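Below is one structure; the comments refer to it alone.
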Number of protein chains: 4
Amino acid sequence: MSDNSLPLVISAPEPRTLDLIFTPPSLARLHAGYRIVETTDRDIAALPADVLAAARYIIGQPPISGELLDRMQSLRCVFNVETNLINNMPYETLFERGIHVVTTGAVFAEPVAELGLAMAINLARGIVDADLAFREGEELWGGDGNRTARLISGADVGIIGFGDLGKALNRLLSGFRTRTRVFDPWLPPSMLIEHGVEPASLDEVLSESDYVFVVASVTSENQGFLGADAFAKMREGAAFILLSRAGVVDFEALMDAVGTKHIIAASDVFPEEPLSLDHPVRTLPGFLRSAHRAGALDVAFKRMGDMVLEDMDLMDRGLPPLRCKRAERETVSRMRSKPVDRN
Amino acid sequence: MSDNSLPLVISAPEPRTLDLIFTPPSLARLHAGYRIVETTDRDIAALPADVLAAARYIIGQPPISGELLDRMQSLRCVFNVETNLINNMPYETLFERGIHVVTTGAVFAEPVAELGLAMAINLARGIVDADLAFREGEELWGGDGNRTARLISGADVGIIGFGDLGKALNRLLSGFRTRTRVFDPWLPPSMLIEHGVEPASLDEVLSESDYVFVVASVTSENQGFLGADAFAKMREGAAFILLSRAGVVDFEALMDAVGTKHIIAASDVFPEEPLSLDHPVRTLPGFLRSAHRAGALDVAFKRMGDMVLEDMDLMDRGLPPLRCKRAERETVSRMRSKPVDRN
Amino acid sequence: MSDNSLPLVISAPEPRTLDLIFTPPSLARLHAGYRIVETTDRDIAALPADVLAAARYIIGQPPISGELLDRMQSLRCVFNVETNLINNMPYETLFERGIHVVTTGAVFAEPVAELGLAMAINLARGIVDADLAFREGEELWGGDGNRTARLISGADVGIIGFGDLGKALNRLLSGFRTRTRVFDPWLPPSMLIEHGVEPASLDEVLSESDYVFVVASVTSENQGFLGADAFAKMREGAAFILLSRAGVVDFEALMDAVGTKHIIAASDVFPEEPLSLDHPVRTLPGFLRSAHRAGALDVAFKRMGDMVLEDMDLMDRGLPPLRCKRAERETVSRMRSKPVDRN
Amino acid sequence: MSDNSLPLVISAPEPRTLDLIFTPPSLARLHAGYRIVETTDRDIAALPADVLAAARYIIGQPPISGELLDRMQSLRCVFNVETNLINNMPYETLFERGIHVVTTGAVFAEPVAELGLAMAINLARGIVDADLAFREGEELWGGDGNRTARLISGADVGIIGFGDLGKALNRLLSGFRTRTRVFDPWLPPSMLIEHGVEPASLDEVLSESDYVFVVASVTSENQGFLGADAFAKMREGAAFILLSRAGVVDFEALMDAVGTKHIIAASDVFPEEPLSLDHPVRTLPGFLRSAHRAGALDVAFKRMGDMVLEDMDLMDRGLPPLRCKRAERETVSRMRSKPVDRN
């Protein structure tokens, strides 16, 4: 039974589902506070005029034509819970009208940062190969097994990109007393300093780090910007950990840099996903692989619903949303991360 | 050329060597500031009387009889760089005379804590098996590979033992917003609170934690104190990470608890080291193995020399040592960790 | 000599001046990178059409009519360096066109927070009256002078408002192990939790705190919202520290609550500034006074220029400003803080 | 009713009292767990032989002759709750026998550090004189009143002495992003680095700081070590905050340095206490006075009892005390702080 006096929400969260992104109590709160009209990317345009006219929020990223948007005169916010912005709605008109477009991608920052930190320590200590050797009775004991082992504590760390994920990683590193340099041309240097890291050029980050974490999104400007030249600048034996999108690196060059033992590397993302069975990275020594598993934890998805509820509550009271991340008029059309088609 | 006016140091650091525990510049400082007499555990008693009479410091843990000690009237400190105290000198007499017995084991805290944290995340995210599956083309992508994955951030963490290693682990966790309970009957509860952790009973630590880290030394009182009962109290699916000594657990019971999938576990230490080739832990699923490699990093050994130099400097000026850890009169004879015979 | 190819900036920062808000090196950078046209609130409308058409940025808060705005087709951002938003420009049109309105008020957060913390300790320890007594030979020594003295460390702290200033105050408190409750209805509770504070109702903050800091801006909704009822809810002897605007409290009621010795208080702001010479707060015991001096430090003003330069640099590159605080479409018209007419 | 099976405690805490240093519940725990024999400094030697023979702990610092000590064969620890060690017992024999001598002075660290920090901000912002001017209607508003005002945040801070008090002060400063240099010749430099401060020479601390905090105890070696030369090295306008003992400074020279406006200063301690009514420091401009009130808070005294109970519990179980601070064989006879004769 729906209560017509409640604010109306159009729900089209595919490939997510409301059950994926809301815990049962949060879903109950959503239904108690809002009139939910569930639809799909395909069917949204065919919703009744009164539904469209009343819709205050959209959960999802359905295609919206200019004409459709005209019919949604109560709209205040589009909650993109897939989290990769695609160019399927008239952003300029949305911004003119003061309709917010927000994403819930911040939920992935903590799980990805944890995996990234573990990958770094795994590379530094050879944990995977040591366990394999142990299974086979070929383990080396004590210092004999530590010929190349080293610490994160006190190391030089470089982070490329300092959005939610970079910040989460920096927070996890807070007990490690690292010297951390960050390259992020979209941020004012003084904000980096406030986070306790050093603003640096890309070259400095590459050449002065023992561990380089790549957490930058793909944009129209940085596709493949980390290539053979970049890897050549890295310290001998340094570790390269790729956590955002394969699109920012020249993957062949990365494999070469690892294959020649110049660096070691880990990645959660790959040029094609799933990856062909004969792809050489599968057996490349010095490379730690994860099949795009860094962020997709149930606990992360469930936080999306809470974020949506908190921001709806603010907007219901005439306030701007603060919990989700707003798309920016200046940059929304530059984003190039491919949306996922699975969770 | 030795300068007889310099303070005399007897060096018998086996199984360590001065080259292992001093960086070249530190070793140069040692030689510039002290007259070093190198000997062995076997030969120390045969040193010339004037050498024994002049010795201000011993680096090492050679056997010292009461009679030998009587001949060392200038002795101020024994620097145990092996770090496990054995009962081969008249501690009571040393304490009466105000001769310090100190160990340099704190150098291992940071490397062990890093490995321990990585082990915990490895268990939580299945990193090793995921990489192995990827090598074989059997990886699961995205959320499909994360059925049991979970975070350290925000988790309930238990630490058993809160010496240097427990403190180092707690520091590494500072960015993870955990609720951390600690069991350490040798520490006053208010000191735990000052470190931001909650004093707790052993039962509470076991039953209320998602991750249990064991970093307690073996003493005459706690051998095998973590047995089947202890593991049964743990949460379903919780992780047990053993970092100090195998002697504190009933290893068979630990394997059973993992074998029945009640818990998952990781260990750096084993009942026998090296371990027999057919030991069942080698292939036990849900168990991550490390061959006593957690602490034995070159960078750790090298810090020992700096600690020794700093404390010698204090004692040369009539001050007490503060950098190394002092053996305590009350507890020195309770310690039961076996010394290592290799580095 | 001006270079017509440089981006054009209209400067009308009164009551600030460029010399007040820029250090000499920053001012040199401003002049090297931009063509500066200095004008006044009165004269801006009379600027030549080509200047208006070319203006990319405005430094200041001059009155702008809709007609004037129409003539400024290159405008990207208004930098309000007075920092209190007044309703003298067509904000809705600015937002529609994607022109940012930003303020540099964050520079005051740190100086105000420091003074606020000192005020709290002053109240807790009676520092002012103790120094006066000492001057007069009437001091009480040791514990005799500490009958009502207490600590901030470990205390219950309440903060009303959690913008830049509330966050700065919370950061300064990070070494004090306080339990801190925050009331801020404009923020999602989970963001407060991420800052390590507890979201709370206004009543909880008032009734459960030993120290209550008021750092909320005046809006159309909260004028005088802290009155006799609010003070009555406070703990006996608790301290009330007012740092934002006198407009949020019923000042008479505050003086009553102090006069009856129910609470003690400090304030940097007053109902009229300057205050009449016979105002009773001047001699009220239990009240610590500061003549709106908390924020107006030269070092704070000088940071404004750096913030402006950083955000101009981002916008010059087609990116959104991040260093200054953006006015929000939803709330800009609710702000009621009176602008200052002096620095 | 006393239970003879309980461990026996001789209580002679003057000038403290058990009621001063124990909260009622802690005092109840003391009486429930121990047989308390109350005596005085004068009468302890006359206690019955069986009481002396059974005494496990002493609370207080009564005079103990070698002969008296011989009669106390169960003694494990002397809890000095006055906290300044005087030379009225045979320390060497105590140490030989493994009897601990501990002090509870750490309770003062937090209250003194808070006052010290407040003093620094008071000096930096002129809080006392501004309030006085306000009372008289002579206040200066806004920036006009801030001609010499400056921040602690981001400042260069120097700390002389890094015992409990120095560490507490450093913790309180953790939110202020200071660069902090520490001079403490009794500590190994690496321990300072672990606390996030820079080891420095006395000259560096004096000449490179905006705020110099003196928290060093008086010893036989450092009496009056901060004289005219030291103050001359300080930065023009820097602040000198004296928190430990007047004995470490040449007080006349300090007043001269303030009188000539070279520096500003605050002090909680004075050459004589109480101070003569005509002492010139009473009216010295640029000097903030506190009548030895920094530490003597009731909440601090009450923590002493809890520390005593925690350490008794450890020693009852055969463990060494860890909560109170142990006197060191090497330094006990160097301490020169005068005991207090009032609380």
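Order of the sequence lines fixes the chain letters, A, B, ..., with proteins taken first and strands second; residue numbering starts at 1 for each chain. None of these values were measured; they are calculated from a predicted model.
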Any carboxylate oxygen within less than 4.0 angstrom of a Lys/Arg side-chain nitrogen, looking at D/K261 and D/E236? no
Closest-packed option against chain D by number of heavy-atom pairs under 4.5 Å, given C/D298, C/D268, C/L288, C/L117: C/L288
Of all of D/L284, D/L132, D/L173, which one pairs up most often with chain C through heavy atoms under 4.5 Å apart? D/L132
D/F251 and D/S267 have their tightest heavy-atom pair at CE1-OG, 4.3 Å
Picking from C/L115, C/V299, C/L277, C/T283, which has the most non-hydrogen pairs under 4.5 angstrom with chain D? C/L115
Can you pull out the residues in residues 238-246 of chain D with any heavy atom less than 4.5 Å from chain C? none
Beyond-backbone contact of D/L165 with D/S217, side-chain heavy atoms, under 4.5 angstrom: no
May I ask you to test the D/V157-D/D210 pair for a side-chain heavy-atom distance under 4.5 Å? no
With chain D, the option among C/V281, C/N170, C/V128 that has the most non-hydrogen atom pairs under 4.5 Å is C/V128
Centroid-centroid under 6.0 Å between D/Y211 and D/F176 rings: no
For chain D, find which of C/E110, C/E273, C/R171 contributes the most heavy-atom pairs closer than 4.5 angstrom. C/R171
Flag side-chain contact, heavy atom, 4.5 Å: D/E252 against D/M255: yes
D/D156 versus D/R235: any side-chain heavy-atom pair under 4.5 Å? yes
Any C/I159 side-chain heavy atom under 4.5 Å of C/V197 side chain: no
Mark yes when over 12 heavy atoms from residues, nucleotides or ligands other than C/K167 sit less than 6.0 Å from its NZ; otherwise mark no. yes
With a 4.5 Å cut-off on heavy-atom pairs, point out which of C/A120, C/A291, C/G295 contacts chain D the most. C/A291
Checking heavy-atom separations under 4.5 Å from chain C, one finds in residues 135-145 of chain D D/R135, D/G137, D/E139, D/L140, D/W141, D/G142, D/G143, D/D144, D/G145
Between C/I263 and C/V258, is a side chain to side chain contact (heavy atoms under 4.5 Å, CB included) present by the stated rule, with each step listed? CA-CA 5 Å; C/I263 60 171; C/V258 174; 4.1 Å; yes
Please report the interatomic distance CE(C/M307) to OG1(C/T103), rounded to the nearest 0.5 Å. 7.5 Å
Do C/R125 and D/P111 touch side chain to side chain, with heavy atoms closer than 4.5 Å? yes
Which of the residues C/H279, C/R147, C/R177 is involved in the greatest number of heavy-atom pairs with chain D at under 4.5 angstrom? C/R177
Would you say the rings of C/F301 and C/F22 are close, in the sense that their centroids are separated by under 6.0 Å? no
